[in-house]
There are 2 protein chains.
Amino acid sequence: MSQHSSLAGGEDEQSATADERDPANGKAPKTDRGRKTLRKLLDAAAQEFGERGFHEASIAGVTSRAGASIGTFYVYFDSKEAIFRALVADMGRLTRGWIAGRVKDAPDRLAAERLGVAAFIEFVRAHKDLYRIIMEAQFVAEDAYREYYTSFAAAYRRNLAEAAAKGEIRDGDHEERAWALLGMSVFLGLRYAVWSDDIVPAEIGAAVGDLIENGLAPEKPPGGSKP
Amino acid sequence: MSQHSSLAGGEDEQSATADERDPANGKAPKTDRGRKTLRKLLDAAAQEFGERGFHEASIAGVTSRAGASIGTFYVYFDSKEAIFRALVADMGRLTRGWIAGRVKDAPDRLAAERLGVAAFIEFVRAHKDLYRIIMEAQFVAEDAYREYYTSFAAAYRRNLAEAAAKGEIRDGDHEERAWALLGMSVFLGLRYAVWSDDIVPAEIGAAVGDLIENGLAPEKPPGGSKP
DNA sequence: TTGAAACATGAGTCAACATTCAAGTTTGGC
DNA sequence: GCCAAACTTGAATGTTGACTCATGTTTCAA
C-alpha cells in the first residue's frame, strides 16, 4: 500500500516502470523534475479551485501559485477539467483512507458509525476548501461526482449487510439506508465543518450514533406504559 | 398558528396588493405587460438554468426561450446572478408549500417524517432540473443556498422540539438531528429522484421512517426472543 | 387625443480566459 | 562531454458571452 502522499496523485507507485497512465490526465512525467512539477501543479490547483471555485479559478492562477508557466500546465493536463477530475479522484482516495483508519478498531458496526461520522467531520474540517471541490464536481464532472458518492454508498451497503448477518443490526433495505446515512454525514459535514467549527466531532458522532442506533421513538421499557 | 408543516416554513404572506418587491432583482413591472414578461423570463430561466447549469446557461438562451430580447432582460434583472437568486427563493417557497400540504394531516411527528420524505422525493422528481438549481446555488450564491437549507433545518428543529415536548420522540439535540434528517432527505432525493426513478416514494418514506423511528439496533422485545 | 412613462429591441462593446505554439533550457543515460 | 528526450516558457490567438445604449414601440391616465 502506498502512503498516499498529500493530495497528489499517489498512484500505484512502482509497477512495471512502463506506462503509468491514468486516463484522467493525458501525460505522465518521466523525470524527477517532471514529477515535482506535477505535484506542485496539483497542490496549487487544490488551492485555487478550493478558494475560487471551478469557474472563477483560472489556469493562470494555478500556474502562478505553482510557480510554473501556463505552457507547462498543458504539458501535464489536457484541460482545466482534466486537472479538476484528477483532484476529485484523489479526494476520494484520501477521504476513504482517513475514515478507514479511524474506524478499523471499532468493535461493531454501530460503534463504527459513530467513529465514522466523527472522522468525516474532522476530515472535512481539515480540508474545507478541498471538500468544496467534491461538491462542485456535481456540476463540473457529474460522472466523477457520482462515482465518488456511489463508492461510498457501496461501502456502506456492504458494511450494513455484513452487520445484519452478524445480528448487530436489524434487517432492512441496505441500499436505502446507505444513502440515508451518507446524506446525514454529508450534511453534518456541511453544517458542522464547512460552515462552522463550534462542536467537537465526537459529540456529533455520539448524537448521530444514538439516532442511528435507537431512532427517535420513545423508549419502551419492558414494564412500560404509553398514552 | 399553523400546525405541523414539517418541512414547510410557514411564510409570512401579509402584504397588500401593492408592490411585491424583493431586493433580489432591481426592477418591478408596473403594467400588465411588464408582469407577463417578467413571468416569462423567470420560467424561461428555470428551464435554461435547469438544463444547462448556471455557467453554461446564457442570457441569450433565457431571452430566446422567453421570446424576448436581451435588452428586455436587463430591464427586469440587474444581472445573470440576480435572476438566479430569484429562482432559488422561488423554489424554496414552492418546496415548503408542497411538503406542508402533504404532511398537514399526519397524526404525529414520526408519521409526518415518513410522509415528508415521500413528499420530498415526489417533489424532486417532478422538478428535477429545478432542483439542480438549488444545489448549484451553493457555488453561485452561497448565501441564498444557506438560507434555503437553514430555513428547512429551523423548521425541523421546531417540529422536533415540539414533538419531544409531547413525548412523541425521545429528547436529544434537535439541531444535530435536524441536519441529519435534512441530509437524509437530500441524498435520498439525489439517489432516488434525480438519478433514478425506480422506487416508489412511499416505500422510501417507509424505509427511512423505520430507520428514524427505531434505529438500526436489534430489537429488544420485553419478553425477548428473536427468530 | 396626447404625451410621458413603461417597455422592447439587438447590434456592438469589452474584458476575461482557455488553449496553442514556436522557440528556448535542463536532464540523464551513454 | 554529448545530445535526444524531457521539460519550460509566455506572447499571441480565438472564442465566448455578459452587459450597454441609442432608438423605437406600447400603454394608459388625464
Side-chain angles (χ1 to χ4, degrees), chain A residues 8-9 17-21 25-45 48-49 51-87 136 139-141, chain B residues 18-21 24-45 48-49 51-87 136 139-141:
Chain A
T17 317
D19 53 7
E20 347 175 4
R21 326 231 52 358
N25 55 20
K27 303 94 181 222
K30 308 264 177 173
T31 74
D32 227 43
R33 182 161 67 132
R35 274 183 291 272
K36 262 177 195 137
T37 301
L38 176 57
R39 153 67 27 75
K40 282 194 297 183
L41 284 172
L42 282 164
D43 290 345
E48 174 81 2
F49 285 129
E51 264 171 41
R52 319 226 288 149
F54 182 79
H55 294 280
E56 291 297 303
S58 72
I59 302 298
V62 171
T63 54
S64 95
R65 281 175 204 258
S69 75
I70 292 181
T72 295
F73 177 92
Y74 285 94
V75 168
Y76 294 98
F77 297 96
D78 290 335
S79 67
K80 190 181 178 182
E81 193 181 311
I83 195 173
F84 186 85
R85 283 171 183 279
L87 246 22
E136 193 162 18
F139 305 99
V140 174
Chain B
D19 52 10
E20 342 175 8
R21 320 215 76 340
N25 56 18
K27 304 95 181 223
K30 309 265 177 172
T31 72
D32 226 44
R33 181 162 67 134
R35 274 184 290 274
K36 259 176 197 139
T37 302
L38 176 56
R39 161 58 20 84
K40 281 196 296 183
L41 283 172
L42 281 166
D43 290 347
E48 174 80 2
F49 285 129
E51 263 172 41
R52 320 223 291 151
F54 182 79
H55 293 281
E56 292 296 306
S58 72
I59 302 299
V62 172
T63 53
S64 96
R65 283 175 203 257
S69 75
I70 292 182
T72 295
F73 176 91
Y74 286 94
V75 169
Y76 294 97
F77 296 97
D78 291 334
S79 65
K80 189 181 177 182
E81 194 181 309
I83 195 172
F84 187 84
R85 284 173 182 278
L87 245 23
E136 194 162 18
F139 305 98
V140 173

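Residue numbers start from 1 in every chain, and the chains themselves are labelled A, B, ... in the order their sequence lines are given, proteins ahead of strands.
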Exercise for the section: Would you tell me if any nitrogen or oxygen in the side chain of B:Y76 comes within less than 4.0 Å of OP1 or OP2 on C:dA8? Expected result: yes
Problem - 5′-ward residue of the pair A:A60/A:D32 relative to DNA chain C - result: A:A60
Fill in the blank from the handout: Looking only at D:dG17, D:dT9, C:dA8, the nucleotide nearest the B:S58 side chain is D:dG17
Problem - Note, A:T63 side chain near A:Y74 side chain (heavy atom, < 4.5 Å) - result: no
Exercise for the section: Please examine the side chains of A:S58 and A:E48, heavy atoms only from C-beta on, and report whether any two atoms are closer than 4.5 Å. Expected result: yes
Exercise for the section: Find which nucleotide of DNA chain D each of B:R33 and B:Y74 is nearest to by heavy atoms, and output the residue with the more 5' nucleotide. Expected result: B:Y74
Handout entry: Nearest to side-chain heavy atoms of B:S69, which nucleotide of D:dT9, C:dA8, C:dC7
Key = C:dA8
Completion exercise
Of the candidates C:dC7, D:dT8, C:dT20, the side chain of A:I70 sits closest to C:dT20
Handout entry: Residue-phosphate contact under 4.0 Å: A:T72 side-chain N/O, D:dT9 OP1/OP2
Key = yes
Handout entry: Atom-pair distance (CD1 on A:I59; P on D:dA12), nearest Å
Key = 20 Å
Exercise for the section: Tell me what A:G34 touches on the nucleic acid: a base, only sugar-phosphate, or nothing, going by heavy atoms under 4.0 Å. Expected result: sugar-phosphate
Problem - Atom CZ of B:R39 with >12 non-hydrogen neighbours under 6.0 angstrom - result: no
Problem - Geometric class of the B:H55/A:H55 ring pair [parallel <30°, tilted 30-60°, perpendicular >60°] - result: parallel
Fill in the blank from the handout: Atom CZ of A:F77 and atom P of D:dC7 are separated, to the nearest Å, by 13 Å
Exercise for the section: Among D:dT8, C:dA18, C:dT9, find the nucleotide with the atom closest to the side chain of B:V75. Expected result: C:dT9
Problem - D:dC7 OP1/OP2 closer than 4.0 Å to side-chain N/O of A:T31 - result: yes
Problem - Rounded distance (Å) that lies between atom P of D:dT8 and atom CG of A:L38 - result: 10 Å
Practice task
Just call it for B:A57: base, sugar-phosphate, or nothing, with non-hydrogen atoms closer than 4.0 Å on any strand.
Solution key: sugar-phosphate
Practice task
Output yes when at least one side-chain N/O atom of B:S79 is less than 4.0 Å from OP1 or OP2 of D:dA18, else no.
Solution key: no
Practice task
Fit a plane to each ring of B:F54 and B:F49, take the angle between them on a 0 to 90° scale, and name the class: parallel (under 30°), tilted (30 to 60°) or perpendicular (over 60°).
Solution key: parallel
